[in-house]
Student: 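Structure provided below as structure tokens; questions to follow.
Positions are given from 1, in the same order as the sequence printed here.
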Amino acid sequence: MATNLEFIKSASGSSVSSLDVTDCFNVTYETYFVTIKTDGSADTEMRLRFLDSSNTVINSADYDSASQNLFSNTSFSENRHTSQTYIERLVSPRSATNGSGSVNIYIFNPFDSSSFQFLTFQGTAQSTSATIGRKGIGVLKSAEQCKGIQIFPQSGTFDTVNVSVYGVK
């Protein structure tokens, strides 16, 4: 994997139920690196959807994902999700007082209208009971041109969420 990153765009929000990062994918790059950091006082299980060529959310049941959970206080576990309307469980900062988490994502060929959109992710989160590491993969099984992403929690809102998008050279 190439290691030269070129900053494209950032977005942030406070007390938001979703955050759209529009017009961040284009013909210039085949691979993108996305960093997301979040803080929350509720269950902020993070999910992702792609935005199509008009920056409209793609919410068809064409998303699959799988991940390995690495808990600091119990045994490891797996997640497998098929035919969903989003990529599930990017990171899980769950806390009643001060949960936080971050995830790094590589997205492959999102602007190519003739291929599926694949991604890999790895992240970590702190909750009141454990530190949780997660590593996974995902795909949007619909060949269409994508120009952005939407990040949203399983329920409630993110207290804060910050997203940065980079092109990989």
Side-chain angles (χ1 to χ4, degrees), residues 1-13 16-40 43-53 55 57-60 62-70 78-82 84-94 99-112 115-126 131-154 158 160-169:
M1 175 78 46
T3 58
N4 292 328
L5 301 178
E6 292 188 5
F7 176 76
I8 296 174
K9 189 173 192 176
S10 65
S12 62
V16 294
S17 59
S18 68
L19 180 68
D20 291 358
V21 185
T22 60
D23 299 316
C24 60
F25 304 141
N26 58 52
V27 71
T28 306
Y29 306 98
E30 292 179 359
T31 304
Y32 293 83
F33 179 69
V34 179
T35 64
I36 305 171
K37 296 179 182 173
T38 183
D39 292 310
D43 180 356
T44 54
E45 182 81 53
M46 187 185 297
R47 296 174 171 176
L48 177 145
R49 290 185 181 123
F50 285 97
L51 304 177
D52 68 15
S53 59
N55 287 309
V57 173
I58 301 169
N59 59 6
S60 59
D62 293 322
Y63 294 89
D64 292 352
S65 60
S67 60
Q68 179 76 35
N69 303 307
L70 313 165
E78 294 179 350
N79 297 313
R80 296 178 196 161
H81 305 279
T82 59
Q84 299 292 307
T85 57
Y86 45 79
I87 299 291
E88 177 78 73
R89 298 182 183 222
L90 293 174
V91 68
S92 303
R94 297 178 178 190
S100 63
S102 64
V103 63
N104 295 328
I105 307 167
Y106 281 99
I107 299 175
F108 305 96
N109 297 311
F111 203 71
D112 184 350
S115 69
F116 291 173
Q117 291 68 40
F118 291 92
L119 59 87
T120 64
F121 60 93
Q122 60 184 18
T124 185
Q126 181 64 46
T131 299
I132 305 165
R134 184 167 289 146
K135 187 168 182 123
I137 57 174
V139 61
L140 170 59
K141 300 178 300 182
S142 174
E144 54 188 294
Q145 187 178 72
C146 297
K147 291 179 72 176
I149 56 173
Q150 179 185 70
I151 306 299
F152 62 103
Q154 178 179 354
F158 294 119
T160 62
V161 61
N162 298 292
V163 179
S164 295
V165 179
Y166 301 86
V168 178
K169 283 254 181 185

Student: Is the closest side-chain donor-acceptor distance between Asp20 and Gln150 under 3.5 Å?
Tutor: yes

Student: Quick one, Arg134 with Phe121, criterion side-chain contact (heavy atoms from CB on, under 4.5 Å). Give me CA distance, side-chain angles, the key distance, then yes/no.
Tutor: CA-CA 8 Å; Arg134 184 167 289 146; Phe121 60 93; 4.1 Å; yes

Student: If you round to the nearest 0.5 Å, how far is OG1 of Thr120 from NZ of Lys135?
Tutor: 7.5 Å

Student: Atom OH in Tyr166, atom CZ in Phe7: separation rounded to 0.5 Å?
Tutor: 6.0 Å

Student: Rounded to the nearest 0.5 Å, what separation is found between the CD1 atom of Ile149 and the CG atom of Leu51?
Tutor: 8.0 Å

Student: If you look at every heavy atom in Phe116 and Ser142, which pair is closest and at what distance?
Tutor: CD2-N, 3.6 Å

Student: Quick check: does any side chain N or O of Thr38 sit under 3.5 Å from a backbone N or O of Thr160, one acting as donor and the other as acceptor?
Tutor: yes

Student: Once rounded to the nearest 0.5 Å, what's the spacing between atom NZ of Lys37 and atom CG of Asn104?
Tutor: 8.5 Å

Student: What is the distance from atom CG of Asn109 to atom OH of Tyr29, rounded to the nearest 0.5 Å?
Tutor: 14.5 Å

Student: Please give me the minimum heavy-atom distance between Ser12 and Asn162, naming the atom from each residue.
Tutor: CB-OD1, 3.0 Å

Student: Can Leu19 and Phe158 be said to form a side-chain contact (heavy atoms from CB on, under 4.5 Å), step by step?
Tutor: CA-CA 9 Å; Leu19 180 68; Phe158 294 119; 5.8 Å; no

Student: Using atom types as modelled and distance alone, determine if a side-chain donor or acceptor of Arg89 lies under 3.5 Å from a backbone N or O of Asn79.
Tutor: no

Student: Is Asn55 reaching over with its side chain to a backbone N or O of Asp23, donor-acceptor style, under 3.5 angstrom?
Tutor: yes

Student: What's the shortest heavy-atom distance between Val103 and Leu90, and which atoms?
Tutor: CG2-O, 3.8 Å

Student: side-chain contact (heavy atoms from CB on, under 4.5 Å) for Val21 and Val34? Distances and angles first, verdict last.
Tutor: CA-CA 11 Å; Val21 185; Val34 179; over 6 Å; no

Student: Shortest non-hydrogen contact from Gly167 to Ile8?
Tutor: N-CD1, 3.4 Å

Student: Working to the nearest 0.5 Å, report the span between OG1 of Thr31 and CZ of Phe118.
Tutor: 12.5 Å

Student: Is a side-chain donor or acceptor of Tyr63 paired with a backbone partner of Phe50 at a separation under 3.5 angstrom?
Tutor: yes

Student: Measure the acute angle between the ring planes of Phe152 and Tyr86, then classify it against the limits of 30° and 60° as parallel, tilted or perpendicular.
Tutor: perpendicular

Student: Would you mind reporting whether Val168 and Leu5 have side-chain heavy atoms less than 4.5 Å apart?
Tutor: yes

Student: Donor-acceptor pair, Gln117 side chain versus Glu144 backbone, under 3.5 Å?
Tutor: yes

Student: Compare every heavy atom of Cys24 with every heavy atom of Gly148, then report the nearest pair and how far apart it is.
Tutor: CA-SG, 3.8 Å

Student: Given Tyr32 and Asn26, is the side-chain contact (heavy atoms from CB on, under 4.5 Å) satisfied, shown in steps?
Tutor: CA-CA 10 Å; Tyr32 293 83; Asn26 58 52; 3.7 Å; yes

Student: Using atom types as modelled and distance alone, determine if a side-chain donor or acceptor of Lys9 lies under 3.5 Å from a backbone N or O of Thr22.
Tutor: yes

Student: Only one of Asn59, Ile151, Ile58 clears side-chain contact (heavy atoms from CB on, under 4.5 Å) with Arg49; which?
Tutor: Asn59

